[in-house]
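Heads up, the thing below is written out as structure tokens.
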Protein chains: 2
Amino acid sequence: MTTAIKVYNPFSLYEKALKTIEKSGIRPTKQRRILAKILFDKGNRHVSAEELFYDVKKEDRKISMATVYNTLKQFTTLGLIKEVVVDQNKSLYCTNNKSHYHLYIEDEGKIVDIPTKNVNLDIPSIPACLQLHNIDIIVRIRTLKDKN
Amino acid sequence: MTTAIKVYNPFSLYEKALKTIEKSGIRPTKQRRILAKILFDKGNRHVSAEELFYDVKKEDRKISMATVYNTLKQFTTLGLIKEVVVDQNKSLYCTNNKSHYHLYIEDEGKIVDIPTKNVNLDIPSIPACLQLHNIDIIVRIRTLKDKN
DNA sequence: TTACATGCAAAGCATTTGCAGATAA
DNA sequence: TTATCTGCAAATGCTTTGCATGTAA
């Protein structure tokens, strides 16, 4: 006999995120849990701070923009999400934890992932005093409507 | 017998840029000529709008920030330079007309070029309705001082 | 109990824009 | 002469911050 509805999955991305939050020392507050749930329970996403803000609203809850921004930054520092600066004044946050790069469709403001295995980067050797922080590959795409 | 000082080189990047400007229909105004000279006469550069603004000042001339920004945008549209969005609120403009990507040293706000031949991008096939606009690869590097 | 977090409104910052006066053709 | 350009100052848009209030442990 099994329960009809699974209400708790200790191995979900959401639960893993909560554990990371707890281990890191920052508090798993109500706001952080709500944001983590929205970010990680819906599969891979590429959200802006604004979208996330409205996702919270859709569930008849309210988290201030300041908190949304601060939390996104904290989650990025914890390695839970990845910030992708697609344009001046436009950052998207990505919940795909597998190594990958981004295909950015400018007209739609949307992003699609490119698995890392399709990219071969032969970077000039980096001096010992420097550390690799992050590699961003953004392939920008435009629909053909506008030929600028 | 040769002249001691070469005062005019019709094949310089600067002269080529002027021709592109003229052909495009926009006027080769004093400001645009000054900016083109600074951008293209000093070899490959990676400048911000602000640096360019101060470069003009150093020569005891004055071009308003608005014009610097507008001109950089026009030059980008003409393909004379390439805009690299290295961070939120930070664009650098690059005068290297050879195909290449960028190594970005965050702490110093500086950029180094990576020749394209060192990069092998196997991008998933792009639907016919889309056109490739631009590929940005930014390898972000930090000095070891700060281990965040 | 108290260190940490939230939310508001105000500030910050690079960039863009409106518009009156200036300038290239 | 006139369409285009410049420069100022104000506006913009995203993001960050200061600080009073709220809350998790």
Side-chain angles (χ1 to χ4, degrees), chain A residues 17-19 21-38 46-54 56-57 60-78 80-93 104 106 109 111 148, chain B residues 18-19 21-38 46-57 60-78 81-94 104 106 109 111 148:
Chain A
L18 280 194
K19 265 179 200 133
I21 290 170
E22 272 158 30
K23 267 189 282 182
S24 76
I26 70 168
R27 292 176 183 165
T29 59
K30 190 165 50 159
Q31 290 85 342
R32 285 177 185 147
R33 276 183 278 117
I34 291 171
L35 291 175
K37 194 145 190 57
I38 291 174
H46 300 94
V47 282
S48 63
E50 231 196 341
E51 285 175 86
L52 202 49
F53 178 79
Y54 285 111
V56 174
K57 215 174 207 169
D60 290 317
R61 290 161 177 274
K62 168 87 190 291
I63 297 177
S64 76
M65 257 306 192
T67 301
V68 171
Y69 273 109
N70 291 336
T71 304
L72 282 171
K73 196 172 233 185
Q74 290 153 355
F75 284 7
T76 301
T77 304
L78 297 182
L80 293 173
I81 54 179
K82 201 184 165 198
E83 181 182 1
V84 187
V85 180
V86 290
D87 261 323
Q88 204 73 48
N89 284 337
K90 179 119 206 170
S91 274
L92 296 181
Y93 294 85
Y104 178 50
E106 290 190 339
I111 271 190
N148 300 323
Chain B
L18 280 193
K19 266 178 200 135
I21 290 170
E22 274 158 29
K23 268 191 281 184
S24 76
I26 69 167
R27 291 175 184 167
T29 58
K30 190 164 52 159
Q31 289 86 342
R32 287 178 183 145
R33 275 182 280 117
I34 291 170
L35 291 175
K37 196 148 189 56
I38 291 174
H46 299 94
V47 281
S48 62
E50 229 195 344
E51 285 174 88
L52 202 49
F53 178 80
Y54 285 111
D55 281 358
V56 174
K57 215 174 206 170
D60 290 317
R61 289 161 179 274
K62 168 86 189 294
I63 297 177
S64 76
M65 258 303 192
T67 300
V68 171
Y69 274 109
N70 290 335
T71 304
L72 282 171
K73 196 172 235 189
Q74 290 152 355
F75 284 7
T76 301
T77 303
L78 296 181
I81 55 180
K82 200 184 166 199
E83 181 182 0
V84 187
V85 180
V86 290
D87 261 321
Q88 204 74 47
N89 285 335
K90 179 119 204 169
S91 275
L92 295 181
Y93 294 85
C94 165
Y104 178 50
E106 290 190 338
I111 269 189
N148 300 324

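Throughout, a chain's letter reflects where its sequence line sits, starting with A, and its residues are numbered from 1.
If you measure from atom NZ of K90(B) to atom P of dT16(D), you get 16 Å, rounded to the nearest angstrom. The distance between atom CG of N89(A) and atom P of dA14(C), rounded to the nearest whole Å, is 11 Å. We find that CD1 of I26(B) is positioned 14 Å from C1' of dA3(D), with the value rounded to whole Å.
If you check every strand for non-hydrogen atoms under 4.0 Å, K62(B) touches sugar and phosphate atoms only. Residue K73(B) is in sugar-phosphate contact alone, with no base atom involved, counting any heavy-atom pair closer than 4.0 Å across all strands shown. Counting non-hydrogen atoms under 4.0 angstrom, Q88(B) reaches the backbone sugars and phosphates but no base. Residue-level contact check: S48(A) touches neither bases nor backbone, having no heavy atom under 4.0 Å from any strand.
Minimum atom distance to the side chain of T29(A) is reached by dT6(C), of the listed dT4(D), dT6(C), dT17(C). Minimum atom distance to the side chain of Q31(B) is reached by dG7(D), of the listed dT17(C), dG7(D), dG7(C). Closest to the side chain of A66(B), out of dA24(C), dG7(C), dG7(D), is dG7(D).
Contact check, T67(B) against dG7(D): a side-chain N or O comes under 4.0 Å of OP1 or OP2. For dC5(D), one of the phosphate oxygens OP1 or OP2 lies less than 4.0 angstrom from a side-chain nitrogen or oxygen of R32(B). At dT16(D), none of the side-chain N or O atoms of Y69(A) fall inside 4.0 Å of OP1 or OP2 (strictly under the cut-off).
DNA chain C is contacted by both V68(A) and R33(B); V68(A) maps to the nucleotide lying nearer its 5′ end (nearest heavy atom per residue).
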